[in-house]
Each structure stands twice: as C-alpha cells, then as structure tokens.
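Keep in mind the model is a prediction, meaning the values are calculated, not measured. Every heavy atom of this structure was used, including side-chain atoms; hydrogens, water molecules and symmetry mates were not.
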Amino acid sequence: MALLPILEFPDPRLRTVAKPVTEVDDEIRKLIDDMFETMYDAPGVGLAASQINVHIRVVVIDVSEDKSQPLVFINPEIETLDNSSAPYDEGCLSVPGFYETVMRPTRIRVKALDRDGNPFEMEPAGLLAVCIQHELDHLNGKLFVDHISPFKRSRIRSKLEKKHKAEAR
Ligand code: QAP
Ligand code: CO
C-alpha cells in the first residue's frame, strides 16, 4: 500500500477528463487500495483518481464515522431523478482549507462497477449523494469551486498559489 500525493487547485492536471476503465484487474484493485489509504490518511470522505494524477474513471468514498463503509465506483454514471436540489458546505482534498456552499440535485441514481467489475446501482441520499456528484465532477475535470462565484474562486486560487509558493521555498 502507498500514500499518493494529491494535486491541489489550480493545478491544470485537475482539468483532465478521465478515461473509462476497460478491465477491472489487479492493477486497478491496487490503485483502489492506495486511494483508500490516501483518503483515510488525509482524512477525507471521497477521492477521485484524477486527484492523484491518474486519469481513469475510479472513485472511492467512505462517509461513515469509523471507516466501516468503503464504496468503490468504477465508470460511474448518474441520473437525476427529479428537480429537487439542496445546499451543502463542500470541501475537497484538492482545495485544502476552503469550504463553500454548493447546490446539487438531491435525488439521483448511480450506476457503476464495483471492485470485482460487477455492475451495481444505488439511490444514495444525504452526504453520500453529494459526495458521489462531487467525485464524478473530478472525473470530468470539474471542481466544486466551479460551482461558486468567480470572485470567491479567484480568492481561493490566490491563497492556494501563495501557499504553494511558500511550500516551494
Ligand atoms: C468531497 O472531500 C466532499 O479542506 C470529499 O483541509 C466533501 O474528503 C463532498 C478535506 C464534502 C461532499 C461534501 C478538506 C480534508 C477533505 C479540507 C473531502 C482539508 C482536509 C475533503
Ligand atoms: Co474533491
């Protein structure tokens, strides 16, 4: 197992559109194990492969309090079930230290492959529904800061650029 470095906004590599996984093999399962280790270490509740500079459609999530509900989504697809949406204060391991309110659909259906390559479906609610939409955005090169005002986004960009320059010294 390995801890992987996480790309941070405004790194342009976070804008890469990830490619579908064609075969769920041991190499993918090793990536998934490393992603869980990296996410739990952070600690975080969700991580997309894009965030560790691997541009394939793999997401790991665990919104439980005690690391008891690891979920894997390979090639996830989301269908919005109605017009209801709700706000949630989102954060992101790629935007450390910043949280902003984002509106997203509340009722969704998710189709994906699990870590054995078997298809499954679920209708997540609450934080899990927010998280899977946030992570699917990553696979499409999108970040939660794209859902907030350009003013707030550029303020976050400046602060993180300053932090990155300080870290490089
Ligand atoms: C995505 O985010 C998410 O700023 C997962 O300093 C978050 O795990 C979806 C984290 C909230 C929906 C709601 C953020 C850790 C973790 C930080 C995360 C930080 C340290 C974020
Ligand atoms: Co994120």
CD (Gln69) and CG (Asp62) are apart, to the nearest 0.5 Å, by 6.5 Å
| message | Would you say Ile78 ends up clustered with Val63 if hydrophobic residues are merged whenever their side chains have heavy atoms under 4.5 Å apart, either directly or through other cluster members? | response | yes
So CG of Leu127 and CD1 of Ile61: to nearest 0.5 Å the spacing works out to 8.5 Å
So ring pair (Phe, Tyr, Trp, His ring centres under 6.0 Å) across residues 78-129, not counting sequence neighbours, yields Phe73-Phe120
Pairwise side-chain contact, Pro124 with Ile108, heavy-atom cut-off 4.5 Å (strictly under): yes
Note: Leu93 and Pro96 closest approach over all heavy atoms is O-CD, 3.7 Å
Within-4.5 Å side-chain heavy-atom neighbours: Leu4 and Ile6 | no
Rounded to the nearest 0.5 Å, the CD atom of Glu135 sits from the CG atom of Leu71 at a distance of 11.5 Å
Interatomic distance, CZ@Arg109 vs CD@Glu123, rounded to 0.5 Å, equals 4.5 Å
Residue set satisfying side chain to side chain donor-acceptor pair (under 3.5 Å) with Thr106, at least two apart, ordered chain then number -> Ser84
Checklist entry - Would one find more than 12 heavy atoms of other residues, nucleotides or ligands at under 6.0 Å from atom CD of Glu27? => result no
Taking Arg107 for the side chain and Asp82 for the main chain, is one N or O donor matched with an acceptor at less than 3.5 Å? no
Original post:
Is Leu128 linked to Val130 within one hydrophobic cluster, defined over Ile, Leu, Val, Met, Phe, Trp and Tyr using a side-chain heavy-atom separation of less than 4.5 Å?
Top reply: yes
#### Entry: Connected via hydrophobic side-chain network under 4.5 Å: Met35 and Ile28
yes
Contacts of Arg15 meeting side-chain contact (heavy atoms from CB on, under 4.5 Å) (sequence neighbours excluded), chain-then-number -> Phe9, Leu143, Asp146
When every non-hydrogen atom of Ala129 is compared with those of Gln133, the smallest separation belongs to O-NE2, 3.0 Å
Exercise for the section: For Arg104 and Ser85, run side-chain contact (heavy atoms from CB on, under 4.5 Å): C-alpha distance rounded to whole Å, both residues' side-chain angles, the deciding distance at 0.1 Å, then the answer. Expected result: CA-CA 5 Å; Arg104 297 196 191 262; Ser85 61; 5.8 Å; no
Are Phe144 and Arg153 packed together at the side-chain level, in the sense that at least one heavy-atom pair is separated by less than 4.5 angstrom? no
Report task. Evaluate the side-chain proximity of Lys111 to Met122: yes if any heavy-atom separation is below 4.5 Å, no if none is. Result -> no
| When clusters are formed by joining ILVMFWY residues with side-chain heavy atoms under 4.5 Å apart, either directly or through shared neighbours, do Val59 and Val72 land in the same one? | no
Item checked: Side-chain donor or acceptor of Glu100 paired with backbone N/O of Glu90 under 3.5 Å -> no
Can you confirm whether Glu77 sits close enough to Val110 that some side-chain heavy atom of one is under 4.5 Å from a side-chain heavy atom of the other? no
Item to complete: Evaluate the side-chain proximity of Asp137 to His147: yes if any heavy-atom separation is below 4.5 Å, no if none is.
Response: yes
In terms of heavy-atom contacts, Met39 and Val60 come closest through SD-O, 3.8 Å
Checklist entry - Would a distance-only check, ignoring hydrogens and angles, find a side-chain to backbone donor-acceptor pair under 3.5 Å from Asp26 to Arg29? => result no
- Distance-only, no hydrogens or angles: does the Asp34 side chain make a donor-acceptor pair with backbone N or O of Ala2 under 3.5 Å? yes
Applying salt bridge (Lys or Arg N to Asp or Glu O under 4.0 Å) to Asp33 and not counting sequence neighbours gives Arg115
Please say yes or no: joined through hydrophobic side-chain contacts below 4.5 Å, possibly via intermediate residues, are Leu113 and Ile32 part of one cluster?
yes
Practice task
Answer whether the closest heavy-atom distance between the side chains of Asp114 and Val24 falls below 4.5 Å.
Solution key: no
Pro76 and Leu136 have their tightest heavy-atom pair at O-CD1, 3.8 Å
Original post:
Mind checking whether Leu160 and Lys163 have side chains closer than 4.5 Å, heavy atoms only?
Top reply: yes
Contacts satisfying ring pair (Phe, Tyr, Trp, His ring centres under 6.0 Å) that involve residues 22-46 (not counting sequence neighbours) are Phe36-Tyr40
Donor-acceptor pairs under 3.5 Å, side chain of residues 42-58 to any protein atom, not counting sequence neighbours: which ones?
residue: Ser50; atom: OG; partner: His138; partner atom: O; Å: 3.3
residue: Gln51; atom: OE1; partner: Ala48; partner atom: N; Å: 2.8
residue: Gln51; atom: NE2; partner: Ser94; partner atom: OG; Å: 3.0
residue: Asn53; atom: OD1; partner: His55; partner atom: NE2; Å: 2.9
residue: Arg57; atom: NH1; partner: Ala18; partner atom: O; Å: 2.9
residue: Arg57; atom: NH1; partner: Leu139; partner atom: O; Å: 3.3
residue: Arg57; atom: NH1; partner: Asn140; partner atom: OD1; Å: 3.3
residue: Arg57; atom: NH2; partner: Asn140; partner atom: OD1; Å: 2.7

Next on the checklist: For the CD atom on Glu79, are there more than 12 heavy atoms of other groups (residues, nucleotides or ligands in this structure) within a distance under 6.0 Å?
Outcome noted: yes
